[in-house]
Protein chains: 2
Amino acid sequence: MIISTIEFTASGSVRILDQRLLPGEETYADLNSVEEVAVAIETLAVRGAPLIGIAAAMGVALAVGKLQVAGGVGRDDVRRVVAGAIERLRGTRPTAVNLNWALDRMASVAASADADSMFDVLLKEAKAIHAEDAAMCRRIGEAGAPLVKHGATVITHCNAGALATGGIGTALAPIYLAGEEGRLATVMVLETRPLLQGARLTTWELARSGIPCTLMTDSMAASRLSNGDISWVIVGADRIAANGDVANKIGTLGLALLAKHYGVPFYVAAPSSTFDPATATGADIPIEQRAPEEVGRIGTQRIAADVPVWNPAFDVTPAELITAFITNEGMIEVDEVPGRAVTRSGGRDSEGSGWYGGKAVGR
Amino acid sequence: MIISTIEFTASGSVRILDQRLLPGEETYADLNSVEEVAVAIETLAVRGAPLIGIAAAMGVALAVGKLQVAGGVGRDDVRRVVAGAIERLRGTRPTAVNLNWALDRMASVAASADADSMFDVLLKEAKAIHAEDAAMCRRIGEAGAPLVKHGATVITHCNAGALATGGIGTALAPIYLAGEEGRLATVMVLETRPLLQGARLTTWELARSGIPCTLMTDSMAASRLSNGDISWVIVGADRIAANGDVANKIGTLGLALLAKHYGVPFYVAAPSSTFDPATATGADIPIEQRAPEEVGRIGTQRIAADVPVWNPAFDVTPAELITAFITNEGMIEVDEVPGRAVTRSGGRDSEGSGWYGGKAVGR
């Protein structure tokens, strides 16, 4: 791991890289209570769905660790603290899937653990969640790295990198592996308005890791694609419907349409747990409208008149625009997505491999 | 005129709206010397090619006006001051076509004017340039307004409005005329990174004029177009090649491609002087690369790591993506652009109406 976004320290704290201060400052903070972990998640000091899950899991272990340091505790105290920590952390980000999944996993091991060994069991589980996420990222990287030919220039959007996960990211994973071997000419990073995750986070982590990258505004994608020097485009995903439609950061749909127009392959990198068989198509994915201030102001600076703002956080890219999915279980062609095959041919459901049902695998 | 971006005051000053302070402050400044006018243009207090031409013309008149107030001047003094003013103003923005055109026009009337009537002659010419520009904007508006059906929602990019011209703008002219009659549901304004002319200037002038508008980031265009409620898209132009290819603010190409994909008409509003018969195709238009700080910082705030930046100021939209041009001489179908007709059929040049050769008309 090149960037350590999170770790459980020897002194029993959760050490995080405070992402609110990037790219200006690389500051690590030791969180010493469940409340501090919760606030770090709520204030986006820690962000990215997989990373939030890891932080929350570590927060539960931390709660018991601090209790044991205090000493003189009974079995009921331990169970009460675990339940309280899980409850507090569950309320931090209501929409993050990984948060609930990680906390459910912690609750499950706590239920069958002995109070005396509770801290060790919880810490082991939190570290396992972290390690599994890192391994999943690496597998995505290995699946995607062969796509990077020598001297390639690729485009990415938003931040689906080390800062969003416990490993080398999802969309950035193939880029890290190929970049370490010097195969990339440059990664064209779209700044990703309104919250500038591309500019603030992706350029920071790539530069920090020695991967060549070049920043551009979202409005420059078409012009750059028309230049003819882009090998492919890669993005992450927030949710993938059963038919292969992808909800991801606003701007992904336009980027996919432009890539299609210019004949440039468009890849979506995601763990198998991002595939949601319960959502039939992209039309069934609710799109969150966020606060107007995100667009009308940058930081504290007002950049527009006081007019209404349209600010969807995500858009939906139809499966037809996606060349393939790069997952921890390998490359998946769009027509191999089970829900899509069912929809289109009606005859593939019996072949369901369950590869996207494994929410507990690697996440 | 709803917004007075520039006027020559009774006391002999050039009064401008300081666009650097928008949208936060609406501050008017009286410029009292050629040097002050020149600095206002250089520092973008006054911007937009047509408006720069008007400001420079008024600056020449101002020079002679101030001289006459001082009194005791000879004929040679007057001619020397006129020549000096023109020289100083010509150097302010080397790339603005209208600047040289307006100053040439002032030099021409000065050459045939008597020293005693010089101020009157120059002021009359400067006011004529202003009035002609305003009339040209209105004609563009009248040509385009019928496109606005009741309840229409349209998209625009950058600022091709009152703040860029001596009138009601180019792309915004049809919007003003239809908006006054309450026909528009809303104008979706793309913020236009990196310099945010859409957010800073277009939302300000539309809100100021009571035209309903809604701000969104450039990355949201595809998502909004996919909603199916956009009637058409309208933009201005910096240069239109003989074959109809359009150089305009970065982001225009992507917007045109997305509009095409969703079957939404895409209009380019421009005065006839923007058509450049000397440039065969868009490939012949040089694209300016601007400073990396425009992307890597917003105001004084650093928003990215210290990495290379790709920052073309313009892109080129192929004529095929344009539904029609809206000009001061009416609507022009793409296939009616003389250079394009020549290129495609080889038989239309004899019909050349000269409608795009009239650089002196209205500008």
Side-chain angles (χ1 to χ4, degrees), chain A residues 22-24 157 186 188-194 196 198-200 203-208 212-226 249-258 260-261 287 292 295-296 298-299 301-312 314-316, chain B residues 22-24 157 186 188-194 196 198-200 203-208 212-226 249-258 260-261 287 292 295-296 298-299 301-312 314-316:
Chain A
L22 294 176
H157 187 54
T186 196
M188 300 298 302
V189 177
L190 291 164
E191 65 174 6
T192 319
R193 281 278 290 149
L196 295 166
R200 290 195 306 112
T203 70
W204 183 84
E205 68 168 87
L206 291 177
R208 180 81 162 58
C213 67
T214 305
L215 179 65
M216 61 179 173
T217 68
D218 305 325
S219 60
M220 294 171 190
S223 184
R224 187 64 188 218
L225 284 162
S226 77
K249 183 61 57 196
I250 189 73
T252 302
L253 170 62
L255 185 58
L257 283 164
L258 296 173
K260 183 86 166 184
H261 176 80
I287 299 297
V295 176
I298 294 181
Q301 194 177 347
R302 177 178 164 192
I303 60 158
D306 185 20
V307 300
V309 165
W310 193 63
N311 185 19
F314 306 99
D315 56 27
V316 174
Chain B
L22 295 175
H157 188 54
T186 196
M188 300 298 302
V189 177
L190 291 164
E191 65 174 5
T192 319
R193 280 278 291 151
L196 296 166
R200 289 195 307 111
T203 69
W204 183 85
E205 69 168 87
L206 291 177
R208 181 77 163 61
C213 67
T214 305
L215 179 64
M216 60 180 173
T217 67
D218 305 325
S219 59
M220 294 170 190
S223 184
R224 188 61 187 222
L225 284 162
S226 77
K249 182 63 55 197
I250 189 74
T252 302
L253 169 62
L255 186 58
L257 284 164
L258 296 173
K260 185 85 167 185
H261 176 80
I287 299 298
V295 176
I298 293 180
Q301 194 176 348
R302 178 179 164 191
I303 60 158
D306 184 20
V307 300
V309 165
W310 192 62
N311 185 19
F314 307 100
D315 56 27
V316 173

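Note on naming: letters A, B, ... go to the chains in the order of the sequence lines (proteins, then strands), and numbering restarts at 1 for each one.
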*What residue among T192(B), I250(B), T217(B), D315(B) forms side-chain contact (heavy atoms from CB on, under 4.5 Å) with S219(A)?*
I250(B)

*So how far is it from N311(A) CG to T214(B) OG1, rounded to the nearest 0.5 Å?*
12.5 Å

_4.5 Å side-chain heavy-atom contact, L196(B) and I298(A)_ = yes

*If you count heavy-atom pairs under 4.5 Å with chain B, which of M188(A), H157(A), E191(A) comes out on top?*
E191(A)

_Please identify, among A207(B), G198(B), A221(B), P194(B), the residue contributing the most non-hydrogen atom pairs under 4.5 Å to chain A._
P194(B)

*asked:* Looking only at heavy atoms and a cut-off of under 4.5 Å, which of G254(B), A222(B), A256(B), P308(B) has the most pairs with chain A?
replied: P308(B)

*chain A: which of S223(B), G251(B), P292(B) shares the most heavy-atom pairs with it under 4.5 Å?*
S223(B)

*What part of S226(A) is in contact with chain B, defined as an atom under 4.5 angstrom from a non-hydrogen atom: side chain, backbone, both or neither?*
side chain

*At a heavy-atom separation under 4.5 Å, does T186(B) approach chain A through its side chain, its backbone, both, or neither?*
neither

*Considering only heavy atoms and a distance below 4.5 Å, find which of Q301(B), R224(B), K249(B) pairs most often with chain A.*
R224(B)

*Closest non-hydrogen atom pair, P23(A) against A305(B)*: CB-N, 3.8 Å

*Spacing of R193(A) atom CZ and R193(B) atom CZ [to the nearest 0.5 Å]*: 7.0 Å

*Name the member of L190(A), L257(A), T252(A) that forms the most heavy-atom pairs with chain B at distances under 4.5 Å.*
L257(A)

*With rounding to the nearest 0.5 Å, note down the distance linking NZ in K260(B) to NE2 in H261(A).*
10.0 Å

*asked:* Below 4.5 Å, heavy-atom pairs only: which of D218(A), V309(A), I303(A), V316(A) has the largest tally toward chain B?
replied: I303(A)

*How long is the span from the CG atom in L253(B) to the CE atom in M220(A), to the nearest 0.5 Å?*
12.5 Å

*How close do G296(B) and L215(A) get, heavy atom to heavy atom, and via which atoms?*
CA-CD2, 4.3 Å

